[in-house]
> 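Sending over a structure as structure tokens; questions will come in a sec.
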Protein chains: 2
Amino acid sequence: MKNSSASAATAEPARLSSVVVELSAAIAAVTDESPKILVVQPPDTAARAGLPCGPFDPTGHRTLEEGLRTSVNQQTGLALGYVEQLYTFGNQFRDPEERAGGPRPVSVGYLALVRQTEVKSSAKADWVDWYRHFPWEDARKGTPTILGSVILPRLTTWREDAKGPERLRRRDRLALAFGLEGAAWDNERVLDRYELLYEAGLVFEASFDSGQKVEPNVVAAQMVTGAALTKDHRRILATALGRLRAKIKYRPVIFELMPPTFTLFQLQRAVEALAGGPLHKQNFRRLVANEGLVEPTGHVSAQTGGRPAEIFRFRREVVHERPAPGVRVPVRVRK
Amino acid sequence: MKNSSASAATAEPARLSSVVVELSAAIAAVTDESPKILVVQPPDTAARAGLPCGPFDPTGHRTLEEGLRTSVNQQTGLALGYVEQLYTFGNQFRDPEERAGGPRPVSVGYLALVRQTEVKSSAKADWVDWYRHFPWEDARKGTPTILGSVILPRLTTWREDAKGPERLRRRDRLALAFGLEGAAWDNERVLDRYELLYEAGLVFEASFDSGQKVEPNVVAAQMVTGAALTKDHRRILATALGRLRAKIKYRPVIFELMPPTFTLFQLQRAVEALAGGPLHKQNFRRLVANEGLVEPTGHVSAQTGGRPAEIFRFRREVVHERPAPGVRVPVRVRK
DNA sequence: CCATATATGCTCAAAGTAAGCACAAGTTAC
DNA sequence: GTAACTTGTGCTTACTTTGAGCATATATGG
């Protein structure tokens, strides 16, 4: 424990072996039935976009979460409500500056949920569709075509390129992550899938980080595997999506993303947007009603172009009544 | 992002505002039907015991997990198998050295699972009963007496000491964490409970960290709220227990703690040890069997002092067959 | 009024769960 | 050896949850 502070006392080597703790936030919202996240465009337009983030300042920040909130506030003007820590990454060479002798970034990723598209500040921050970065994760209108046309064929090739036990390991991981060979597609395994694409060199970040030239056909594949982000931000985003998909099932976090009142169909659309697949309507409403997650406001909405929908609000009391109050996502209906 | 490395260039302030990333491991095992964790006793016997940990070295470690594995190996001689990141804490003043101008520790906590009590090295590391640090979490033989005799009365006092909205917030948190006012006891909320005890000053670490004198009756309460650990290690341990209790339900992690073959009752005892409560025997075995988690070896055990039990082994294939293969913990039987 | 769209209520079969009874097959006390 | 006890295992039963779909209610646009 003492060693690190001791090495920090020396002059030049200290710069080389130093660590910077970076706090990054995947800030999610749901608007117009589509999941959004906030990305910031750096002033240098050639650089890749990234998540709102900033360095942890031990003198100014009493906790990591406080540091995150102030960073995000300065950068985007948003005052975050629900915030949850995701994961801490410290992999080598995810930041190009490190090769140039820069400090090793240890990045703590957070998931934040905000209601609607609260206006952002002057900063160059944009709400973009979450699936722009993960086109293979959106199965709301059937299995994404990229899966069958590009991703699975290339991953299969990558798997067969390996020899011996490594090939078996790859076969295993592929089957589990993408629901092959009898396994079921698990919508929470977003990170597993992204990591496989990264290792197989099918996302832009992979060849960028390795610093090596890539073949033209690989470049072509990278074109359709979603928009890249700076450093490991897409990885944080994958972690966030996976965690959020898991969490809506046992905590009422979906309501952090909804307006104060809503129809059950709006709620269903929001859950579908995050879960990435269509749900059985009647069962969905029965479940949310049975769980006591919502209560009627007594009003109805006429905006629907059909029979008016009853308007509901979230019942805060559920958290006291049930051990795991969440939206029980019913079976995925094939479309 | 540039600011932090810039501030590191100056001489004295850099020491004050520096950050050290510390990697800590909650290494769990189950022996003799009781859950164990590995704690190391510092050479200075006056100091509190702690988890195996070490600083993250950006020059030597390519990833955080690699850093953890080498740290633990050097310190205890253990070669970890299953390892999972838990949470990253960066709270101020959890390390007394910080008040003396030391660097701010950002500690990344890990959960590691090892089989049986693999021999430890020469280091002063001991396997201790996990519940020694959390006596209120073990309900295998009925509700722990400390809960009713000390913890809940004092927490109630603490709750009522607050005024206005803060009192309501405390009421809410207390009810949720400890299953009061109609809520159910959720065995996964280990961290929530520990944090409440910490905030209420009922664990030793709280008064130590604050640096303030405490009243004699509070000291008395701290005597029965389990063994303290250094810095925030008990918090990491609480996180680990909560996560493990959640995880055994949907991932077959329990088998990381079991010997290669075992009887169903041994398996049940192991799950009970972690879950902290008794289970219904017949239903437990039906669930484990139905899930296809285990398969018979064809042998029987004669060690049981009763009818010999069939010996099983883990069926690795389940991970391919079911989306969430875990030990479905049946209802808690009241004892 | 009709076609059509969405909202909502209801049924029904299949599967899963909690609880407990009964019996099997060993060990230990005497 | 036998009774008493311990642990293991099969099975029943009432109840709850789930997946799926049918039917009906109430809007809109022609």
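Since we're looking at a predicted model, the values are computed, not measured. Note on naming: letters A, B, ... go to the chains in the order of the sequence lines (proteins, then strands), and numbering restarts at 1 for each one.
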> Given C:dA22, C:dT8, D:dT26, which nucleotide is nearest the side-chain atoms of A:Pro308?
D:dT26
> Whole Å only: how far is the CZ atom of A:Arg285 from the P atom of D:dA25?
16 Å
> Compare all side-chain heavy atoms of B:Glu137 with those of B:Arg245 and state whether any distance is below 4.5 angstrom.
yes
> Hey, can you tell me if B:Tyr194 and B:Phe134 have their rings parallel, tilted or perpendicular (30° and 60° cut-offs)?
perpendicular
> Less than 3.5 Å between a donor and an acceptor, one on the side chain of B:Arg286 and one on the base of C:dA18, is that the case here?
yes
> If I take atom CZ in residue B:Arg269 and atom C1' in nucleotide D:dG8, what distance separates them, rounded to the nearest angstrom?
13 Å
> Under 4.0 Å, heavy atoms only, any strand: does B:Glu310 hit a base, just the sugar-phosphate, or nothing?
sugar-phosphate
> With the side chain of B:Gln282 defined as its heavy atoms from C-beta on, choose the nearest nucleotide among C:dC10, C:dA18, D:dG10.
D:dG10
> As a test of reading the structure: which of C:dA7, D:dG21, D:dG8 is closest to the side chain of B:Ala309, going by heavy atoms?
D:dG8
> In whole Å, I'd like the distance from the CZ atom of A:Arg307 to the C1' atom of C:dT8.
5 Å
> Please say which of A:Ile27, A:Val39, A:Thr31 ends up in a side-chain contact (heavy atoms from CB on, under 4.5 Å) with A:Trp127.
A:Ile27
> Specify the separation, in whole Å, of atom CZ of B:Phe284 and atom C1' of C:dA19.
17 Å
> Closer than 4.0 Å, any side-chain N/O of B:Lys281 to the OP1 or OP2 of D:dT7?
no
